[in-house]
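See below for the structure under consideration.
Naming convention: chains lettered A, B, ... in sequence-line order (proteins, then strands); numbering from 1 in each chain. When reading the values below, keep in mind they use all heavy atoms of this one structure, side chains included, and skip hydrogens, waters and symmetry mates.
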There are 2 protein chains.
Amino acid sequence: MLGRVIEARHLRVLRAVATTGSFSAAARELGCTQPAVSQQMKALEASAGTPLIVRAGRGMRLTQAGEALVRHAAGILAGLTAAEEEVAAIAGLRAGRVRLVSFPSGSSTLVPTALAALRAEHPGTQVSLEEAEPPRSVEMLRAGDCDVALAFRYGGAAGSAESQEWDDLVVRPLLSDRLVGLVPQGHRLASAESVGIGELAEEPWIAGCPRCRGQLVQVCAEAGFTPRIDFATDDYPAVVGLVGAGLGVAVLPRLAVEAVRGRGVREVRVEPAVRREVVALTLTDLEQVPAVAATLRQLERAAAARV
Amino acid sequence: MLGRVIEARHLRVLRAVATTGSFSAAARELGCTQPAVSQQMKALEASAGTPLIVRAGRGMRLTQAGEALVRHAAGILAGLTAAEEEVAAIAGLRAGRVRLVSFPSGSSTLVPTALAALRAEHPGTQVSLEEAEPPRSVEMLRAGDCDVALAFRYGGAAGSAESQEWDDLVVRPLLSDRLVGLVPQGHRLASAESVGIGELAEEPWIAGCPRCRGQLVQVCAEAGFTPRIDFATDDYPAVVGLVGAGLGVAVLPRLAVEAVRGRGVREVRVEPAVRREVVALTLTDLEQVPAVAATLRQLERAAAARV
DNA sequence: TCAGCCCATAAGTGAGGCTTGTACCGGAAA
DNA sequence: TTTCCGGTACAAGCCTCACTTATGGGCTGA
């Protein structure tokens, strides 16, 4: 048997034949030759098991089976073009949804810039934003709960463990975020241009998120002391507020400080320079999704514009 | 470019992948090998212009485009199977309509037998019956107003013209219908076994339909006389009634006489034997239509059973 | 009767779908 | 950890099938 099942191609040919009333005209409409139409119709009749058209001198008529098939073809082909259009809209960035997860200081700095540019370039795209710190955000990425994760990692030994976890992901480096020191206005180091970390050994500390705190402890250990951490909170405005209130000093990523208009605090450069690398993460397959690719591109542009 | 447009085959594969959650399981469900599924999915993603699935360790997830396509695929494939089933019903004689046109004496003899058998064999088929004499019924057949025409033709010189008109049609001979003479009871020839047509030369005649009348005149001319036709009507019961009332004699096809229970008339065999050939006509293409073929078959069986 | 249009058929070609075979990667069990 | 198993990707070969060109026949209208 030739044609086992009915394919969309057959229905397109049949519809063209039914509307034009001739094989040749259908061929012209379909952009192929007349024998092609002839063969398709023969194959379709073979799989139908009954003639679909009757030649009636000039022109042709549909049989009952032909009429039934044409009637169904209308809906089927309409559904098919609707499906193609919806997919094309997603592929062409006239539609498409991206679920973005970012760590807090990223979502208030890089993300707004990137999303504004994305919206301007592709108004049809929709982006949902959620906040989560790196370990959790990567979990969400793997679980399929988001498409892009804005995360960060610290260089050196501590980062290697994370890098290993990410080697099956797409890692797009965005920028290198230097840590800056925060001291209260009026502090003895408030007007210093650069401060060695060891000079803060005896100060009370306000620590940030757990990972940042770990990083802080490690850096201080390398400098030969253990920081006395009086307060620790995920809330960066709170950190800045605590420093401003004179309750201690802090070391925060540049991005986090920038996101908070701190009053009563001074930024000082801390030596040795410690940087965290801010990256965008996504799954290998998702990198090819147009909306995801566009989001990554805009995140990179937003990061580049920050230099 | 590989896959230009989306075909039903692609959607079947995608649906199987989406429901089973793996290429291998989809291949088993579809009755093909796993690389076949792999290739189809790759082709589909190529024509979609965006990934449709993301591999997520154990199993896989659909992307937004994939979800859209699967959502549409449900309706499209449902419509396709509905179309296939409807066509299969027609092809398998579980459905199907035949428009039958018959001359009057055929519709009351052969047709009921044939249609009863058809109904018994294929209860799903629907037959519509209309009455029309041969010239008109063939017109209807050519115009697409009916599918099968029950007609008749006279042999000899008169029939050749009709045969020429029918040589592009499918002609199924059903039976040869001998013409019989009708005389009133008590007529001088009422008890004759066989009557030469010439013996009726002086009788008043009741003629039937126009074509039968033409045939009558021709036969009489060959016998050397011109019949005096007092009445002519398409209505065979009327002809029989008129003969029964003693208003004349008539020559009618056997089928027509059989259809009418005549009172007060006697049948006599007329010599020379004149026969009309009863045939079923259809279009070449329609002969392959199952419902038409079944109708023709039952008409032939009904005619054969009449011997 | 001739010209034009349309359809069917045949043969050749090319694309692409399917298969087998193999390698790679992951997770689960020993 | 090693080993095994289920799953996928990749490559090569085959074969089906869809399209092409070329040709013949049939019907219509001039």
(request) Answer with yes or no whether B:Gln39 presents, from its side chain, a donor or acceptor under 3.5 Å of a partner atom in the base of C:dT19. (result) yes
When you get a sec, tell me which of [options] is the closest nucleotide to the side chain of [X]?
| X | options | result |
| --- | --- | --- |
| A:Ser38 | C:dA8, D:dT8, C:dC7 | C:dA8 |
| B:Phe23 | C:dT9, C:dC7, D:dA9 | D:dA9 |
| B:Pro35 | D:dT21, D:dC10, C:dC7 | D:dC10 |
| B:Thr33 | C:dT19, D:dC19, C:dC7 | C:dT19 |

Taking 4.0 Å as the cut-off, does a side-chain nitrogen or oxygen of [X] come that near to OP1 or OP2 on [N]?
| X | N | answer |
| --- | --- | --- |
| B:Arg55 | C:dG26 | no |
| B:Arg142 | D:dC27 | no |
| A:Lys42 | C:dC7 | no |

May I have the distance from [X] (atom [atom1]) to [N] (atom [atom2]), rounded to whole angstrom?
| X | N | atom1 | atom2 | value |
| --- | --- | --- | --- | --- |
| A:His10 | D:dC17 | NE2 | C1' | 10 Å |
| B:Asp285 | D:dC27 | CG | P | 13 Å |
| A:Leu44 | D:dC17 | CG | P | 15 Å |
| B:Leu30 | C:dG17 | CG | P | 15 Å |
| B:Gln34 | C:dG17 | CD | P | 16 Å |
| B:Met60 | D:dT8 | CE | P | 5 Å |
| B:Arg9 | C:dC18 | CZ | C1' | 11 Å |
| B:Leu169 | D:dC27 | CG | P | 12 Å |

(request) Would you indicate whether A:Glu67, at its atom CD, is surrounded by more than 12 heavy atoms from other residues, nucleotides or ligands within a distance under 6.0 Å? (result) yes
Sidechain-backbone polar pair: [X] side chain, [Y] backbone, donor-acceptor under 3.5 Å:
| X | Y | answer |
| --- | --- | --- |
| A:Glu7 | B:Arg9 | yes |
| A:Asp147 | A:Val292 | no |
| A:Glu277 | A:Arg153 | no |
| A:Arg136 | A:Glu131 | no |

(request) Indicate, with a heavy-atom threshold strictly under 4.0 Å, whether A:Gln40 touches base, sugar-phosphate, or nothing. (result) sugar-phosphate
(request) With DNA chain D as reference, determine whether B:Ser22 or A:Val37 sits nearer its 5' end, using the nearest nucleotide of each. (result) B:Ser22
